[in-house]
Every structure is written in C-alpha cells, then in structure tokens.
Amino acid sequence: MKAKSLPCALLSSFTLDQVSGMVNSRLERDGVNCQWFVAPFNQYPQLILSEPSELVAQAPKVAFLAVAIEDLLGSLPSPWAQPEPRQALAQERLADFFGLVRRMAERLPATTIFVHDFFPLAPMPNAVLASASNASLSALARAANNSLRALAGDCPNVRIVCLEEAFVSLPRASICDPRYYYLAKMRFGRTAMECLADFYARLLRAYLGLRKKCLVLDLDNTLWGGVIGELGPDKIVLSDDGPGKAFQDMQRHLLEYYETGTLLTVCSKNDEALALGAIRDHPAMILRPHHFAAMRINWQDKASNIRELAAELNLGIDSMVFLDDSEHERAEVRRLEPTVTVIDLPKDPSAYPAFVAQLPYFDALTTTEDDRRRGQMYVEDRQRRELGQQARSLEDFLTGLEIQVTVQRADAMLLPRLAQLTQRTNQFNLTTRRYTDNDLATLSQSPDWRLFGVSTRDRIGDAGIVGGALIHLDRAAAVARIDTLMLSCRILGRGIETAFLAGMLLGLEDTGVATIIAEYIPTDRNGVAKEFLPQHGFVAQEKYWTRSAVAGRELCPKWIHLKITQ
Amino acid sequence: MNELDNDTWQRLKTVVARTFKAAPDAVTPESALGTLPNWDSLGHLTLMMEVEKEFGITFPTDKINEPQTAGEIGRLVVATRGKN
C-alpha cells in the first residue's frame, strides 16, 4: 500500500520535536505518512504573524500548537505578593495568545489546528492557600481553558487537545522529566511524549476519518461474568452493585460508542434462546436487543460468524473490532481473519471499564445526527429485509415501503456528514476521494462547486443522510463533472440511487449545464458502483462517461416520492 | 575505568541505529555527534532518553551531556547500571 502523505506542522513554546517521529511510527500501519514542518523552538508567534510566513507557505493540512501555561505566565509575580497585578497581566498575556490563535486560524483557513489546552504540571507551593485562590496557576488555567473552548466554538478549524485526556494514564507529577526540562526545555519526558504521540495519532485518524465501524462482542465473561449455560440467567455476574457492576459499567461505555455511530453486534457460542432472554430481561443489562445491529449466537467458529456479520451489515471485514475474553477465540480469529482488529481484554473484569473506555478505534472530530441514530437504522434495515421476504413481488414491496427521497444542496449543517461519507464509503463510491470537513467548507464557498446530500425515509423509519455528490461546474463549457458520488450500501436495491441522480440533475438545472461527465476509479472494494453509470445512460468515452444533464422527474422510479430542496 | 562488554555494546548499537535511522553496521564506538545524520544536540538527548529506556536506567542530569561518542555512552551505561 502506498502511504498517503499528510503535511503537518508542529509549533510549540517548549521542545517537543521528538513527538513528530513518534506519531509517524504510529500511523505507519494506517498507511499515513506525515510530512512535518517542526517550527524552531518558541518561534510560534513570529511564524503566525510574519509576512510572508514560512508556516503559511508550507500550507499544512494539520497543525499542532503546543503552548504551556508556564511559558505564558511563569514570569508573573507570585499569587501571594501581588495577586491583582498578577491577574491583570495574566489576562493580557492570555488575550494576546488567543489573538494569535485566531490569527492563525484566519491565515490557515484550510488547516485544522489542534491547540493544547492548559495543564499546569509542576507542584506549586502553598497548595492549601492555592486551592482557594483565584490567582493560582491552576485557577488561571481553568479560566483560560473555558476561554479557549469558547474560541474553538467560533473558529471551525480550531480544535482542542485536552491534555488531561491525553495523559489520563500517567501520574501527573511524572509527566515532566525535570532533567530534560532543565537541559533542553522539554516539558514532557519520554513516556509523556509517547502518550501524547498516541493521542496525536488518534486525532489524526479522527481527522482522516479512519475509524472502525463495528464492535463484535462476546457474551459469557465479556458482557457479563460467568457462563450462562452453566449458571443460568439468574446467576450470571451482572449487577448494579459489587463486582457485577464492572460488567454494567463496561456496557455503559459500549453504549456511548453506539451513541456515536459505532455498530454493536453479538458473536457468542451459546444457547440462543437463553442468551437472548438474558439480553432482553436481565434487570442489570444496559445493552438490550435493539442496540445490536446483528447477532450470531450459535456454535459456529467465530471467524465465520464475524464474516457473516460483516456481510449482513455491508461492512468490510477490516472495519470490525472483536472483543472476547477467551485467548483461544482471539488467537483463532487473528489467524483466520488477520484484518479484524482483535483486542486483548485484561484478565480481571474490574479492569474492563477503564480498558474499554480507552479503546482508540472509534474516534471522530464531530458527531452527527446520523451517528446517534445509526444503530437504530440498522435495526430498521433488518425489519425491511423481513418485510421483503413476505411481499408478493419486488414492486409491491417497494411501493409498500412508501419511500421518500430528498435531494438537498449541502449547507453548513450537512458538511460534516458529507465529509464523513467521503471517508467511510468504500463500496458504492465512484471515485473514493476522501475529504475532511474543512475541505468541504472550502468547496462549498466556491461558485464552481455544488455539493448535494440525499436523505431517505420510508414507512419503517428515517435512514437520514445516506449519500452525497460533489459536482464541479465548468459553466463556460456547460459541463458538470461528478467529482464524487457515493451512497451507503444499506439502501441499495430500492431505486434510491436513480432517484438521487434525477434529483441532482434537477438541482443543476439553473446552472445551464448541458452535459454531465463522470468517472469510475476501480478499487478492490467499489465493484458495486461499476454498473451505475452504464445503467443510467452514461456512455463511455475513453477515461470518462458522459450523458445529457437534461432529465426530468421521469428518471425517478415511480414508487419513490422525490423532493428537492435548495 | 568501566569496561564496555559486548552484550551492552550490541544493544546500544541497535538503539543508536534506530534513533538516527542508520544501519547498525554504520555505528561504531567512535560514532559521535555530527558523524551520523540527526545526531545533533537535540538528537543526543533523544538518544540518551532511548538508552535509558532500553537499559532501564536513569542518568544523573550532569552526566547526560558528558559522553561524546557511542563508546563513551556505553561506558556511562555500565557505570550507571552499577549505581541505579
């Protein structure tokens, strides 16, 4: 696999250079190679303000800005001798710093800027007095962090690096190694830099949309303690109190992944009726049947079950993460399906909740309404499949669904979901070009681009935004080029793709384009999109496919109610 | 004077090579700041951090910038290991 190159910048008020190399080694297996511009020691203000600026010339896609509160405020008078001048000076310096961050965000509008928040590291004298003071370094840091978060709320390309989260597994007093601080102004020791590099790698994966989509969960000794087939449903270890609460707390964490768009599935060697009964009725269960997009409770080997789950949910096998207490099962899945992410759970269930809370596979920079509802939508898909099996004919089934398709011009609300679709859609995707929120914000400002989203709902439920298209307009030549067209595989087979094309062409009518150009870039995953162009009247011409951009509502299948909103 | 044994040297050589992305055979006891790419003053500190981790030892602050060559680092490792 050819590594994808990502230009990055690192600016800091202290020595942090080593983190860049550590991040690269972490992203190697994701096929990402960061090209670093590491700013000279403490030169960040000059690089942000100077005209011309080497930083702006580098045009990094991502920049990290690491400024320690000790470096901003360390030289102020102590909180005890002159508390008031100290606070006034602190406000001034912090305001200067926030001004720099804003300036940076303006000068690098296409760069996602990750700014460290403030996290005082060294113990301070007079801890008892400091606890009550408004002028202590901790108190100033708390207030400054609120202002920094407010700033990030105003600047869409500014994101916060929460150091408390990054260093959650380290004792705070161990983060700085004073030897290297006094020798070379390194505020973080080696272990802390490794930890920070882990966190940077998570931020970059989130930025690139490299997240896993589905958790595959074992039941016995994973979601609850004990073997249900031996103990019976009343005796499994799962409760609101005592050791059984560890399992419940872990389930709560898993529910938070579900609520941010990760699908949950079950893969267990068990008696199906017994296990399902416990999931449905056990009073201490947090996860219930409706949280699971699919289940395999049987005696088949787990690798086959995981393959089936991926196929049922239309997911690549490499987007599955397997959680099982049995070393034997884990080894077996690793051997048979090496692209599944297999997690080694700690041996002691008390350690499960903290372990599950720190899984680094499901990160995203933003969460969308579709993420919150994704799990439910997969359950609705299961109901549609069941309905399809009962219908007399395909057309009866489709008409009975009462499908509505809405094609809309993308507004600011829609961009994060559209960016997410470019990153997540591997199968029905003509060109597999990946875009970030920021990329799309730039395109949406241009008169030469039209961005469309398509949503669908039917009698069973609302599937939300299921696809999108990025169209580049050449008005002079009256040509529109489909840069990207993608649809969630979940909704294929109902004519929604055809309705989308019809809606998109209607949405382009006012531009006066006569011809629409498309391309199909094959990958090892997008075979399902191959027939879309010939099936919809596109004619192959060397590398490209073309068709007339004129089409009416008649292109839309008659069982679909099509709506277009501008 | 502490003698640098072969086992320590082989481990050290690997760390030096990995830190500076050099071929292990390019590292000799005479390798020093300026003789390998990336071995500058900051690179030296990075190397000392990696050496501390590899051998599970902690150098005193005033010794970290003392050794000038890979061989001298090796002898510092042997001396420090006795004391830690």
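Residue numbering restarts at 1 for every chain, and letters A, B, ... go by the order of the sequence lines.
Counting heavy atoms from C-beta outward, A:L47 and A:P40 have side chains that approach closer than 4.5 Å.
Contacts with chain B (heavy atom to heavy atom, under 4.5 Å) involve these residues of residues 6-18 of chain A, listed by number: A:T15, A:D17, A:Q18. Scanning residues 112-127 of chain A against chain B with a 4.5 Å heavy-atom cutoff picks out nothing at all.
Contact check on A:R334 versus A:E327 returns no salt bridge, with no Lys/Arg side-chain nitrogen under 4.0 Å from an Asp/Glu carboxylate oxygen. Look at A:R205 and A:D363 and you find no salt bridge, because none of the NZ, NE, NH1 or NH2 atoms lies under 4.0 Å from a carboxylate O.
Here OG of A:S53 is found 10.0 Å from CZ of A:R103. Values are rounded to the nearest 0.5 Å. Remark: B:N38 CG to B:T46 OG1 distance equals 9.5 Å, nearest 0.5 Å. To the nearest 0.5 Å, atoms OH (A:Y44) and CG (A:D71) are separated by 7.0 Å. The structure places CZ of A:R107 at 6.0 Å from OG of A:S50, a figure rounded to the nearest 0.5 Å.
The candidate from B:K53, B:M49, B:E50 with the greatest count of non-hydrogen atom pairs under 4.5 Å with chain A is B:M49. Taking chain B as the reference chain and counting heavy-atom pairs below 4.5 Å, the highest number among A:D177, A:L183, A:T191 is found for A:L183.
Residue B:Q10 places its CD atom among more than 12 non-hydrogen atoms of other residues, nucleotides or ligands, all under 6.0 Å distant.
By the 30° and 60° cut-offs, the orientation of the rings of B:W39 relative to B:H44 is parallel.
Within the 4.5 angstrom heavy-atom criterion, no atom of B:D62 approaches chain A.
Summarising the geometry of A:R26 relative to A:A201, their closest heavy-atom pair is CB-CB, 4.0 Å, with the distance given to 0.1 Å. The shortest non-hydrogen separation linking A:R93 to A:S75 is NH1-OG, 2.9 Å.
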